[in-house]
S.K.: 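Just passing along the structure, written as structure tokens.
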Amino acid sequence: MSWFTRAVLLATHNPVSRRLFTGTRAGRALAHRFVAGDTLDDGIAAARRLAEAGMLTSLDLLGEEVTDRPSALDARDEYREVLDRLAETSLSANISIKLTQLGLAIDEEMARQAVDELAVRAAEVGTTVTIDMEDSRFTAATVEIFADAQARHGNLGIALQAYLHRTPDDLERLIPLGGHIRLCKGAYAEPPEIALQTRAEVTAAFSSLLEILMEAEETRPAIATHDETLIEQTRELARRRRGGFEFQMLYGVRPELQRRLRDEGYDLRIYVPFGSQWYPYLTRRLAERPANLVFFARSLVGRDRAGSV
Ligand code: FDA
């Protein structure tokens, strides 16, 4: 992770920065580039537009690091509602969940139960559940909860972060469990004891994990990146792959590249976040690309139309 990324993630953590984004038109306009809207209807409408454009989707109800039980239970219920809505549509969509939104930081058992319930409902609806990977305080518990739930329900997936030193071991352990594995670079500020620090190191780690994942037949690889070098490597590895796989990208990020992959005939799933708790998600998207912050600064001082970011 570059010094810039780390600095942005740290700077955006304080309440003044939060207000600068959540309390200004420019901040909300920037969020709308990466977030489908505040409501489930907005999320479903975006998923429908993407389906019409030939893309799969994963719906993500925004929210994380929940610290009280009622909010965690609300999040579980809202996800049930997402699945109920999917049952009424013919959308090829699944859900992406964050375990701290379902209570992992308060009580591991509570998150485990929520995953069970959502996996059961998702199976009834004929879809799957992907567990996002959050910061390293939660990695071990997230891996355990995934392994346990996948063994019992069989319709889960998990995100693994290439930057973590532990990921090669996790990958080896989780491939035989089936389901799907989403490989991403990793979006949180982590210390050197835990994660690789430079962009080059992270890309190299992604590249070697990618080779292993694309050779695995037991699992469905989900290659989550907008990095063209890694996408090209995936195209090459796909030539000798027998099973299926998919590319995954974030809503609002490199839409032209998304269309290109779709036109080439690959399965492409777009991660569609919706909900009012968009600030932490936005900070990670800002940290990934300095230009996003420049756009924001310009629109804040009125040099750009707020809607143009
Ligand atoms: P990289 O950051 O090198 O970007 C490659 C190019 O893509 C950039 O040069 C730029 O053009 C464009 N780009 C990338 N990010 C952009 C942005 N925010 N705005 C504009 N352009 C941008 N992380 C995590 O820790 N846990 C998780 O569960 C997930 N889940 C997840 C799901 C999906 C579907 C995706 C695509 C990503 C994640 N991530 C994630 C985020 C991931 O770890 C990583 O931070 C981002 O994908 C950015 O890394 P890239 O691989 O795209 O490369």
Side-chain angles (χ1 to χ4, degrees), residues 1-2 4-6 8-9 12 30-35 50 55-60 62 64 93-101 129-139 142-143 146 156-164 166-167 170 180-190 194-196 198-207 209-210 221-234 245-258 260-261 267-273 278 280-296 309:
M1 181 167 287
S2 71
F4 173 84
T5 309
R6 183 174 297 277
V8 174
L9 287 173
T12 48
L30 182 61
H32 275 116
R33 178 178 153 193
F34 298 108
V35 173
L50 290 161
M55 298 173 195
L56 310 165
T57 45
S58 190
L59 286 164
D60 166 54
L62 290 164
E64 52 201 88
N94 69 1
I95 57 170
S96 284
I97 60 175
K98 284 192 173 50
L99 296 190
T100 64
Q101 187 181 17
V129 177
T130 310
I131 304 180
D132 288 352
M133 190 57 80
E134 302 178 67
D135 75 64
S136 59
R137 287 169 300 161
F138 304 108
T139 314
T142 303
V143 166
F146 163 74
L156 287 105
I158 187 170
L160 292 181
Q161 298 154 324
Y163 65 12
L164 291 187
R166 60 173 284 160
T167 294
D170 286 333
H180 54 281
I181 293 180
R182 175 201 293 158
L183 182 61
C184 64
K185 286 186 180 173
Y188 297 81
E190 300 286 1
I194 289 184
L196 300 166
T198 68
R199 189 174 273 272
E201 285 173 327
V202 176
T203 304
F206 192 119
S207 168
L209 295 163
L210 179 61
I223 312 307
T225 184
H226 317 88
D227 182 328
E228 296 212 43
T229 314
L230 294 169
I231 288 171
E232 182 49 30
Q233 187 189 352
T234 310
F245 79 100
E246 64 191 48
F247 284 109
Q248 293 193 349
M249 294 192 196
L250 300 174
Y251 182 84
V253 175
R254 302 211 60 183
E256 82 300 337
L257 180 57
Q258 296 178 4
R260 218 188 311 150
L261 286 179
D267 285 354
L268 169 66
R269 189 180 301 275
I270 307 299
Y271 184 97
V272 179
W278 46 259
Y281 180 85
L282 179 66
T283 62
R284 294 193 289 276
R285 304 295 77 83
L286 292 175
E288 281 155 4
R289 192 156 183 257
N292 292 338
L293 267 181
V294 176
F295 275 128
F296 171 66
V309 286

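Order of listing sets the numbers, starting from 1, for every ligand and every atom in it.
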S.K.: Any protein heavy atom sitting closer than 4.0 Å to atom 9 (O) of ligand 1?
M.R.: no
S.K.: Mind checking whether Asn292 contacts ligand 1 via backbone (N, CA, C, O), side chain (CB onward), both or neither, at a 4.0 Å heavy-atom cut-off?
M.R.: side chain
S.K.: List the closest protein heavy-atom neighbour of atom 16 (C) of ligand 1: residue, atom name, distance to the nearest 0.1 Å.
M.R.: Val253 CG1, 3.7 Å
S.K.: Has His226 got a side-chain atom pairing as donor or acceptor with Leu250's backbone, closer than 3.5 angstrom?
M.R.: yes
S.K.: Out of Arg33, Gln161, Gln248, Lys98, who is nearest to atom 25 (O) of ligand 1 when you count heavy atoms only?
M.R.: Gln161
S.K.: Identify which one of Leu99, Ile158, Thr167 satisfies the side chain to side chain contact (heavy atoms under 4.5 Å, CB included) criterion when paired with Met133.
M.R.: Ile158
S.K.: Give yes if a backbone or side-chain nitrogen or oxygen of Tyr271 is under 3.5 Å from a nitrogen or oxygen of ligand 1, and no if not.
M.R.: no
S.K.: Tell me the protein heavy atom at minimum distance from atom 43 (O) of ligand 1, and give that distance in Å.
M.R.: Gly186 N, 2.7 Å
S.K.: Any sub-3.5 Å donor-acceptor pair from Gln233's side-chain atoms to Ser207's backbone N or O?
M.R.: yes
S.K.: Hey, looking at atom 42 (C) of ligand 1, which of Ser136, Cys184, Ala159 has the closest heavy atom?
M.R.: Cys184
S.K.: Is Gln248 reaching over with its side chain to a backbone N or O of Arg182, donor-acceptor style, under 3.5 angstrom?
M.R.: no
S.K.: Please determine whether a side-chain nitrogen of the Lys or Arg among Glu201 and Arg199 lies less than 4.0 Å from a carboxylate oxygen of the Asp or Glu.
M.R.: no
S.K.: So is Arg199 close enough to ligand 1, meaning a heavy atom under 4.0 angstrom away?
M.R.: yes
S.K.: Using distance alone, determine whether Met249 and ligand 1 share an N or O pair under 3.5 Å.
M.R.: no
S.K.: Does atom 51 (O) of ligand 1 have a protein heavy-atom neighbour under 4.0 Å away?
M.R.: yes
S.K.: Is there at least one pair of N or O atoms, one from Tyr163 and one from ligand 1, spaced under 3.5 Å apart?
M.R.: no
S.K.: Backbone N or O of Ala31 within a donor-acceptor pair of the Tyr281 side chain at under 3.5 Å?
M.R.: no
S.K.: Which one of Leu250, Val272, Leu282 has a non-hydrogen atom at the shortest distance from atom 33 (C) of ligand 1?
M.R.: Leu250
S.K.: Just which atoms of ligand 1 are under 4.0 Å from any heavy atom in Ala187?
M.R.: 23 (N), 24 (C), 25 (O), 43 (O), 45 (O)
S.K.: Could you give me the CA-CA distance, side-chain angles and deciding distance for Tyr251 and Asp60, then say whether side-chain hydrogen bond (donor to acceptor under 3.5 Å, both in side chains) is met?
M.R.: CA-CA 11 Å; Tyr251 182 84; Asp60 166 54; over 6 Å; no
S.K.: Can you sort out which atoms of ligand 1 are near Phe34, meaning under 4.0 Å from one of its heavy atoms?
M.R.: 19 (N)
S.K.: Can you figure out which of Glu228, His226, Arg182, Lys185 has its heavy atom closest to atom 1 (P) of ligand 1?
M.R.: Lys185
S.K.: Does only the side chain of Arg289 get under 4.0 Å from ligand 1, or the backbone, or both, or neither? Count heavy atoms.
M.R.: side chain
